[in-house]
Amino acid sequence: MPEIPWAREELDRAAIILRDTMAHLVRLLEPDQQPEIDLLPEPAVLDWQEPLRHAYTATVALTARKHRFAADAVRHGADLLSGWGWAVEEDTGPAETRTVARRDGFEISLYAFGPEPGVSHRGEGYGISGQTPHVLLYEPVDFVPPEPIVTADTLPDGALLCYECDGLGWCPCCLGRGFTLDDDRRRRRCQLCFTRRICPICEGAGLKWIHALNGWERGQYPHLGSN
């Protein structure tokens, strides 16, 4: 697929912004710690919706020392992000404190886990993760269904077109892609070939040999009869 001009540069710049923002947040939350921010070396597809878009992700692990409890650090981080103009949503359950902040397509999450529901301890660990905006890196290419492996005109003697794929050879459900698209155009694992891509009945041959058919398979070809 042809790459879209300047798309990679835009995404690389976004990765720098994300890393610098997270580093600044770390310095304010835990100034005595200098953890390395783990930035994904290459952008990845995080949301498998067509057309596929790529994003960088980054993570960093911290220990709640300045703020005593991890939940306190998460809340303070949320306040900082909110003050910087990020839209913040909190999702605090019995065993997890989590904040998600979004701005201009960027997303930063702070999360803390307690060893027991409703219990906090000093020195708890917590984490920060982030992702850049999702960017279209490659020009979308229309899918072209594959040609059949075999047709009625090219069948060898003693063979019949596969009763499942009718000679296609590729999986007739996903047409050889290994996935299908739902109503939102998100990729879902093909439930017929389970990403193998080929027809599971003929194993990609597009045909079935008459002499090798079992009784049930012969029933898929009514003109053969039961003999």
Side-chain angles (χ1 to χ4, degrees), residues 3-138 140 184-186:
E3 188 169 305
I4 297 175
W6 309 112
R8 181 58 181 261
E9 289 81 355
E10 175 187 342
L11 195 52
D12 288 345
R13 286 194 297 269
I16 295 173
I17 293 172
L18 176 65
R19 184 188 59 202
D20 290 349
T21 301
M22 291 177 60
H24 184 45
L25 187 61
V26 167
R27 286 194 297 268
L28 294 177
L29 290 174
E30 305 293 343
D32 60 333
Q33 299 179 47
Q34 296 181 335
E36 181 178 351
I37 295 176
D38 186 12
L39 180 69
L40 197 69
E42 289 292 327
V45 176
L46 304 182
D47 181 2
W48 291 86
Q49 184 178 33
E50 296 283 353
L52 299 182
R53 290 172 167 81
H54 290 71
Y56 279 102
T57 62
T59 57
V60 62
L62 299 166
T63 301
R65 293 172 182 161
K66 178 181 177 181
H67 296 90
R68 300 178 60 196
F69 302 121
D72 295 334
V74 168
R75 294 187 185 97
H76 184 56
D79 291 340
L80 290 171
L81 289 167
S82 179
W84 297 342
W86 292 63
V88 175
E89 296 180 5
E90 291 191 11
D91 182 13
T92 302
E96 179 182 7
T97 299
R98 182 180 180 87
T99 294
V100 181
R102 298 179 178 88
R103 189 180 70 179
D104 300 330
F106 289 87
E107 181 176 298
I108 292 180
S109 298
L110 299 94
Y111 44 91
F113 300 94
E116 299 177 15
V119 177
S120 294
H121 296 273
R122 296 186 180 186
E124 289 177 328
Y126 66 102
I128 304 174
S129 64
Q131 59 182 259
T132 65
H134 295 210
V135 174
L136 192 66
L137 287 184
Y138 303 97
D184 294 325
R185 294 189 58 77
R186 282 188 171 81

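Everything numeric in this text was worked out from a predicted model, so none of it was measured.
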pair Leu80-Leu29: side-chain heavy atoms closer than 4.5 Å: yes

Heavy-atom neighbours of Glu89 CD exceed 12 at 6.0 Å: no

Phe106 vs Ile17 side-chain heavy atoms within contact, under 4.5 Å: yes

Flag side-chain contact, heavy atom, 4.5 Å: His54 against Tyr138: yes

Exercise: identify the closest heavy-atom pair between Glu30 and Tyr126: OE2-OH, 2.9 Å

Minimum side-chain heavy-atom gap Pro43-Arg8 below 4.5 Å: yes

Minimum-distance pair of heavy atoms, taken over all atoms of Ile37 and Ala23: CD1-N, 3.4 Å

Heavy-atom pair with the smallest gap, counting every atom of Ala101 and Val88: CB-CG2, 4.0 Å

Cationic N near anionic O, under 4.0 Å, Arg75 to Glu90: no

Intermediate values then yes/no, side chain to side chain contact (heavy atoms under 4.5 Å, CB included), Gln33 and Thr63: CA-CA 8 Å; Gln33 299 179 47; Thr63 301; 4.1 Å; yes

Test side chain to side chain contact (heavy atoms under 4.5 Å, CB included) applied to Trp86 and Thr99, Thr21, Val100, the passing residue: Thr21

Side chain proximity check, Leu25 to Leu110, heavy atoms < 4.5 angstrom: yes

Side-chain donor/acceptor of Ser82 to backbone N/O of Ala78, under 3.5 Å: no

From Arg103 atom CZ to Leu81 atom CG, the distance as rounded to the nearest 0.5 Å: 8.5 Å

Within 6.0 Å of CD in Gln34, more than 12 heavy atoms from elsewhere: no

More than 12 heavy atoms from other groups under 6.0 Å of CD on Glu36: no

Beyond-backbone contact of Met22 with Ile108, side-chain heavy atoms, under 4.5 angstrom: yes

By ring pair (Phe, Tyr, Trp, His ring centres under 6.0 Å) - contacts of Trp84 (at least two apart): His24

Ion pair Asp47/Arg53, N-O distance below 4.0 Å: no

Closest non-hydrogen atom pair between Pro133 and Ala55, with its separation: O-CB, 3.8 Å

